[in-house]
Every structure is written in C-alpha cells, then in structure tokens.
Amino acid sequence: MPVAEGIMEWDGYATWYRVTGDINSALAPLVVLHGGPGCTHDYVDSIADIAQSGRAVIHYDQIGNGKSTHLPEVGAGFWTVDLFLRELDQLLGFLKISDSYHVLGQSWGGMLAAEHAVRRPAGLKSLIIANSPASMQLWLAAANGLRAELPADVQKTLTSHEEAGTTDSAEYEAATRVFYDRHVCRVPWPDYVARTFAAIEDDPTVYHTMNGPTEFHVVGTLKGWSIVDRLDQVSVPTQLISGRYDEATPAAVQPYADRIPDVSWKIFENSSHMPHVEEREPYMELVAAFLAEND
Ligand SMILES: N=C(O)[C@@H]1CCCN1
C-alpha cells in the first residue's frame, strides 16, 4: 500500500497531510477530518483501513496542532470555522481532487464536514458525519446528562476544579478519565489514540480556545455553534455514525437524521465516541460499503 506524506503551504501556513493508497484510483478518495477542534489525525488513523478497498484515504492535521503550523500566539478570534473550511478547500485543490471526493468527519470533524457540505461543493460525492453533535447546545445538554450519571465524588471533583479554574490539576484529569473511559473510548487506548491526547496536552491552544479544557466543560468560542437550521442544504447521500455510549448522544445527533434529505444512521451498540477504534472491523465494513454505493 503506497503511503505519501507531504506539506501543503497556504496563506503563509503549512498543513501536513498523508495519502494512503493511490489517489489516481478510479474510486473517489476519502478525506478524513479529525475532531477537537485542535486534535490531530492520529486517533482516526484506523480509518486508513479503507484504502484496502482500493480507495485513497487522506488524513491531515488541521492547522494549529500536530505536524501542521502551530499558532499559540494568535488571539481567540483567529480560530474560526471559516479558517478550517478554507484549509480544507485549499487541500482539495492542492491534491487535485476537488472535482470528486468523499468526506468523513469525526466529532468536530463531522461538524466541519457538515459546514462544508451545506455550501454544496460540486465535487462532494457523499458525507459521513461520525460522533458529531448538530449544535453545541445539544452537546452540552448531553454532556451534563452523562456527568450526572458519574459517581458523586467524581462529579464533585470535576465541578470544584472547574469552579476554581484548576482544570490542569492531576485530580481533575483523573476524574475526567472516568468520563472518557465511559463515553470517549471504552477499550484500552491504542497508542495512536494516546498520541492525539498527548498532542493536545503539548499544545492546547485550539482545543482550549474553541472548545474548553475537556469534552464536557465547553467554555470556548465554539459554544454557540449550530448547523441545525442549515441541514436541508446538504444535497449528497449522508451516513451518520455514533456509539450507544457516545458523548455524542442520540439526542445530540438527531437533527442530522431529521433534516438531511438523504440520510442513514448506524449506532454501534458496543461503542462510545470512537467506533472506528472500539468496533473497527464492522465500522470499516459500513464505511467502505457506503462509499462504494456513492462513487
Ligand atoms: N471531540 C470533539 O471533537 C468534540 C466535538 C465538540 C467539541 N469537541
């Protein structure tokens, strides 16, 4: 399997990307958008398995983390949805795939993919929105509901450190892991998943600015985001994916199912936020079949 990495330079920034498989294959390539915002491609590396079906799979580190340009010194106003949409458009053009491609976005990446799709790009053939809320209000409501199911002492630890502003403490991190082991990844974290969390710890600029210190304590600039009222603009076949124990609860995902015209939804019963890790083989079977149906 050919694998080619590279750097795209645009507007003075650098975006790292990797192509797994033959980008000139007759099958339209799949572009994978990671979450966060401010994560890295590492934790969605398993989706490169799709290349075994003869389709090129493109991963990239969105600007701000990983092997792409880091900008810890810029202000919060720099990190906008439009910035990441421009980066994606630049990459599609740079790789010469703008006229025919599929997109799979996971979590924030699904939110970004939906933002891309509602603009009706001519070359988009299909859309996969995985583990993504349709609004941050729904995401927060889901998070608060899941928090309320945690052991009382864990809840107390989380709230006290959030109120004290000590979310960088080891105690808060340990309590956070209780939530993450239930609703982010329910299997022992593979190295490629751990690499993304280490990258966020090394440079939390984007994640903390747009999201907040944790998945469930959202105080960043993305807090008011919603795409619910624009979903009728999605004009391509869409596959929704989530996990039964996902922090992206069914309620948080539901508007995508209600409002996207051509849509289907798979909930992986033994997964939380990372079915591409937790139920890797059936996940890849679903994605490969959906893409083949929509080439
Ligand atoms: N893991 C993610 O991308 C989530 C989605 C919304 C905020 N962070």
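The basis for the numbers below is simple: all heavy atoms, side chains too, and nothing from hydrogens, waters or symmetry mates.
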Hey, can you tell me if Phe84 and Trp108 have their rings parallel, tilted or perpendicular (30° and 60° cut-offs)? perpendicular
Check the angle between the aromatic planes of Phe197 and Tyr180 and answer parallel, tilted or perpendicular using the 30° and 60° thresholds.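 Rings of Phe197 and Tyr180: tilted, 30 to 60°.
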Going by the rule salt bridge (charged side-chain N to carboxylate O under 4.0 Å, His left out), which residues pair with [X] if we only count those two or more places apart in sequence or in a different chain?
{"X": "Asp61", "result": "none"}
{"X": "Glu269", "result": "Arg244"}
{"X": "Asp22", "result": "none"}
{"X": "Arg186", "result": "none"}

Hey, are Arg86 and Asp82 close enough for a salt bridge, meaning a charged N less than 4.0 Å from a carboxylate O? yes
Is the closest basic N to carboxylate O distance between Arg177 and Glu173 below 4.0 Å?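 No, this pair does not count.
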Nearest heavy-atom pair of Ile47 and His276: which atoms, and what distance?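 Nearest pair, atom of Ile47 first, then His276: CG1-CB, 4.1 Å.
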Ignoring hydrogens and angles, state whether a donor on the side chain of Asp295 or His102 is under 3.5 Å from an acceptor on the partner side chain.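 Yes.
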Please list all pairs meeting side chain to side chain donor-acceptor pair (under 3.5 Å) that have one or both residues in residues 151-160, counting only residues at least two apart or in different chains.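 Residue pairs passing side chain to side chain donor-acceptor pair (under 3.5 Å), neighbours aside: Arg147-Thr159.
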Who are the side chain to side chain contact (heavy atoms under 4.5 Å, CB included) partners of Ser132, not counting sequence neighbours?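 In terms of side chain to side chain contact (heavy atoms under 4.5 Å, CB included), with neighbours along the sequence ignored, Ser132 is linked to Met111, Ile129, Tyr256.
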